[in-house]
Amino acid sequence: MEKLLIQGGNRLEGDVRISGAKNAVLPILAATLLGDSASRICNVPHLRDVTTMNRLLGQLGASLTVDEKMNIEVDPTTVNSTIAPYDLVKTMRASILVLGPLLARYGFAEVSLPGGCAIGARPVNLHIDGLRAMKAEIVVEEGYIKARAKRLRGARIFMDMVSVTGTENLLMAATLADGVTVIENAAREPEVVDLADYLSRMGARIEGAGTDTITVEGVERLRGCEHTVLPDRIEAGTFLVGAAMTGGRVRCVDVAPASMDAVLAKLREAGAELTISDSMVALEMDGARPRPVDIHTAPHPGFPTDMQAQFMAMNSIADGTSTLVETIFENRYMHVQEMQRMGADIRLEGNTAIVSGVESITGAPVMATDLRASAGLILMALVARGETVVDRVYHIDRGYERIEEKLSQLGARIQRLS
Ligand code: UD1
């Protein structure tokens with residue numbers, strides 16, 4: 001199993017290009033199934049989750065061509081199956097995103113239930129209830145969601161909780177439904193907006209993406225088109241936190257700063273000086289120790305849960321005490337034990353973490369437990385005294401493109417061990 005070996009102590013300095021967003025490309029690849037012709041998706045990040053989604057599309061019968069720049073052409077006209085099997089879905093929950101498109105376009109879908117997940121229960125009831133409201137017949141048996149609908153019907157759907165992939169599934173399904181669908185309490189994440197932009201380019205009629213009410217007027221057909229994926233705000237945020245923790249200076253290029261307001265505000269609060277343009281964010285820390293920042297995760301435009309572990313890493317070495325409250329996932333503190341093993345002073349009370357910053361932490365062998373937890377541990381290792389080995393890096397490869405190469409370019413001492 002691959003590991004990352006990191007020697008702490010170097011400042012991060014330099015430029016880093018940010019890749020396309022994992023959480024945008026996955027629904028967009030699923031949405032290619034809705035078209036009557038091929039789509040070309042550009043700025044696709046090279047990630048394990050993207051490979052999994054491509055395998056899933058291939059298994060459904062879609063024809064995929066990947067060029068040397070990782071642009072992916074998906075031709076859905078060869079699709080000959082509507083089954084998303086357990087062995088793929090279990091490795092990536094986001095496989096559930098093919099449910100809405102398959103049902104809307106082909107009238108059938110069988111998608112394995114994703115099952116438990118390291119960061120909490122993560123049910124899919126909102127996806128199922130919303131599709132039922134659109135007159136899909138759905139049974140859950142033998143571990144599969146089995147759905148059918150001759151043609152989905154527009155409906156008014158109020159989502160009990162804000163769900164990102166839930167909103168995306170219903171949005172995709174609604175594009176080909178008969179009549180108007182209104183999704184209330186919809187997720188407002190930038191990745192939902194990017195998906196809506198792609199669908200609109202395919203011919204969908206969507207209003208309100210990026211607000212909590214999305215209205216979709218169903219159309220008879222959608223055509224394939226070209227789309228460039230939005231930059232990854234979580235990847236950019238991770239490098240910026242790394243710069244802040246190491247007292248360095250990093251310029252993230254090819255980013256979408258407008259999608260990062262909550263994170264940028266917290267970095268300023270931590271003492272970072274930021275320079276922002278249309279597609280660039282530069283952070284300057286000038287050797288200073290970060291100030292502690294309180295965090296309360298919330299759906300967009302609130303502070304993203306996907307940045308919680310990284311900010312916990314920063315708070316661990318900050319000059320004072322901070323409080324983090326995780327409101328989205330009930331079990332997203334598994335990195336805490338590993339951070340404690342590196343010398344962090346963190347106390348958990350329910351979904352609240354109280355972090356007392358320490359002056360220095362030490363390297364240790366640690367275990368990555370999920371994608372963003374691993375990012376937090378790598379950031380800790382960058383400032384730790386001595387050597388850290390992060391085990392189970394396959395978690396990080398799910399969502400960060402060539403992280404060790406990008407960090408090395410910025411001056412970190414990091415290498416992959418096979
Ligand atoms: C997406 C992101 C993930 C991010 C999360 C929250 C993708 C591929 N993944 O995950 O990186 O951490 O949003 O920003 O975009 N819930 C239900 N019933 C449902 C669906 C969700 O109760 O049917 C609950 C979940 O358990 C969780 C909350 O709603 O507590 C939010 O989950 P959701 O937004 O659905 O997360 P994902 O879309 O899976």
Side-chain angles (χ1 to χ4, degrees), residues 20-31 45 47-50 52-53 56 89 91-100 111 113-133 138 140 145 157-173 183 185-196 212 229-230 232-235 237-238 259-260 262-263 295-311 325-335 351 370-376 395-396 398-400:
K22 170 179 90 73
N23 287 354
V25 75
L26 296 176
I28 288 168
L29 285 171
L47 305 172
R48 213 161 61 97
D49 275 5
V50 171
T52 306
M53 184 56 90
L56 177 52
V89 179
T91 65
M92 183 182 72
R93 259 188 65 85
S95 309
I96 188 79
L97 287 164
V98 298
L99 176 63
V111 178
L113 281 169
C117 169
I119 62 172
R122 303 185 90 174
V124 289
N125 57 307
L126 298 170
H127 303 236
I128 294 175
D129 293 348
L131 292 172
R132 280 196 176 128
I138 301 184
V140 179
I145 303 165
I157 302 165
F158 178 83
M159 301 188 74
D160 275 346
M161 284 176 80
V162 179
S163 165
V164 178
T165 49
T167 301
E168 291 165 346
N169 240 335
L170 301 182
L171 167 61
M172 291 186 281
I183 307 171
N185 201 25
R188 291 179 280 169
E189 267 64 4
E191 293 77 17
V192 174
V193 179
D194 204 35
L195 170 65
D212 63 4
V229 175
L230 170 89
D232 198 311
R233 63 197 166 102
I234 306 300
E235 187 198 18
T238 303
S259 67
M260 299 177 64
V263 165
I295 300 288
H296 186 103
T297 65
H300 194 79
F303 187 91
T305 174
D306 286 350
M307 285 299 298
Q308 179 253 105
Q310 300 88 318
F311 271 73
V325 185
E326 173 57 59
T327 70
I328 309 287
F329 294 116
E330 73 270 29
N331 192 19
R332 210 175 203 183
Y333 279 140
M334 281 174 313
H335 43 281
N351 68 343
D370 69 61
L371 168 55
R372 306 305 171 184
S374 11
H395 286 295
I396 201 111
R398 284 191 41 219
Y400 287 87

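Order of appearance sets the numbers: ligands from 1, and atoms from 1 within every ligand. Please read these numbers as outputs of a predicted model, since none were measured by experiment.
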Hey, is ligand 1 close enough to I328 that some N/O pair sits below 3.5 Å? yes
Show me which atoms of ligand 1 lie under 4.0 Å from any heavy atom of V124. 19 (C), 23 (O)
Starting from the C-alpha separation in whole Å, work towards a yes-or-no answer on side-chain contact (heavy atoms from CB on, under 4.5 Å) for L170 and M159. CA-CA 10 Å; L170 301 182; M159 301 188 74; 4.1 Å; yes
Nitrogen or oxygen atoms of E168 and ligand 1 under 3.5 Å apart: no
Within the distance-only criterion (no hydrogens, no angle test), does the side chain of S374 pair as donor or acceptor with the backbone N or O of H395 below 3.5 angstrom? no
Once you restrict to heavy atoms under 4.0 Å, what part of R332 touches ligand 1? Side chain, backbone, both or neither. side chain
Please answer whether the main-chain N or O of Q308 pairs with a side-chain N or O of R372 as donor and acceptor at a distance below 3.5 Å. no
So, E191 and R233, do they make that salt bridge, N to O below 4.0 Å? yes
Just which atoms of ligand 1 are under 4.0 Å from any heavy atom in H127? 23 (O)
For Q310, check side chain to side chain donor-acceptor pair (under 3.5 Å) against everything at least two apart and list the hits. T238, Y400
Under a 4.0 angstrom heavy-atom cut-off, which atoms of ligand 1 come close to R93? 39 (O)
Any nitrogen or oxygen of K22, side chain or backbone, less than 3.5 Å from one on ligand 1? no
Between L126, T305, N23, V25, which one has a non-hydrogen atom sitting closest to atom 23 (O) of ligand 1? L126
Sequence neighbours excluded, which residues qualify as ring-ring contact (aromatic ring centres under 6.0 Å, His included) partners of F303? F311
Which atoms of ligand 1 sit under 4.0 Å from any heavy atom of V162? 31 (C), 34 (O)
What are the two closest heavy atoms between G130 and I157, and how far apart are they? O-CD1, 3.6 Å
Any Lys/Arg nitrogen of D49 or R93 sitting under 4.0 Å from an Asp/Glu carboxylate oxygen of the other? no
Checking heavy-atom distances from atom 19 (C) of ligand 1 to each of P114, P123, S95, the winner is P123
Hey, is E330 touching ligand 1 through its side chain, its backbone, both or neither, going by heavy atoms under 4.0 Å? neither
Got an N/O contact under 3.5 Å between M161 and ligand 1? no
